[in-house]
Amino acid sequence: MATVEIDQDLCIGDQVCASMHPDIYEMGDDGFAYVVDGMEEVEGDVVDRAREGAEACPVDAITVSE
Ligand code: F3S
C-alpha cells in the first residue's frame, strides 16, 4: 500500500503525469494535477505506475510513499 500525493504549489501543469497514467492523475480546471478520486492509496502494480508518473514530473511535485 502506498500513498499518492501531489503538491499543487510545486506543480507547473506539465501534464506528463496525467498523459502517462490518466487513471491515477488528472488535470484540474485550475491547470494543476490532482490524484484521481479513490487513487490516494494504491497497491500492487499501480504503485509502480504511480512512481513512474512521479519520476516523470519535471518538478518532483508528486510523492509516492509507503
Ligand atoms: Fe504537475 Fe508534474 Fe503532473 S508539473 S501536471 S504534477 S507532471
Side-chain angles (χ1 to χ4, degrees):
M1 185 74 79
T3 302
V4 185
E5 295 172 295
I6 302 174
D7 186 339
Q8 281 79 28
D9 289 337
L10 293 177
C11 175
I12 57 170
D14 184 82
Q15 301 191 22
V16 66
C17 58
S19 299
M20 290 177 81
H21 298 297
D23 59 322
I24 304 171
Y25 305 112
E26 64 185 358
M27 301 308 297
D29 291 340
D30 57 5
F32 300 125
Y34 290 86
V35 179
V36 171
D37 273 351
M39 301 300 269
E40 297 85 359
E41 293 196 333
V42 295
E43 56 188 352
D45 68 328
V46 186
V47 177
D48 295 334
R49 295 196 299 108
R51 284 225 167 85
E52 190 178 43
E55 285 164 12
C57 175
V59 293
D60 291 332
I62 304 172
T63 304
V64 181
S65 52
E66 290 184 81

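Atoms within each ligand, like the ligands themselves, are counted from 1 in listed order.
Cys17 and Ile62 make their closest contact through CB-CD1, 3.6 Å (heavy atoms, listed as atom of the first residue, atom of the second, distance). Glu26 and Ala18 make their closest contact through CA-CB, 4.2 Å (heavy atoms, listed as atom of the first residue, atom of the second, distance). When every heavy atom of Leu10 is checked against every heavy atom of Val59, the shortest pair comes out as O-CG2, 3.3 Å.
Atom numbering of ligand 1 starts at 1 in the shown order; those under 4.0 Å from a heavy atom of Met27 are 5 (S).
Using a 4.5 Å cut-off between side-chain heavy atoms of Ile, Leu, Val, Met, Phe, Trp and Tyr, with links allowed through other members, Phe32 and Met27 fall into different hydrophobic clusters. Cluster membership for Tyr34 and Val46, using ILVMFWY side-chain heavy atoms within less than 4.5 angstrom, is not shared.
Sorted by first and then second residue, the pairs that involve residues 12-22 and meet side-chain hydrogen bond (donor to acceptor under 3.5 Å, both in side chains), not counting sequence neighbours, are His21-Arg49, His21-Glu52.
Within the sub-2.8 Å shell of atom 2 (Fe) of ligand 1, the protein contributes these N/O/S atoms: Cys57 SG.
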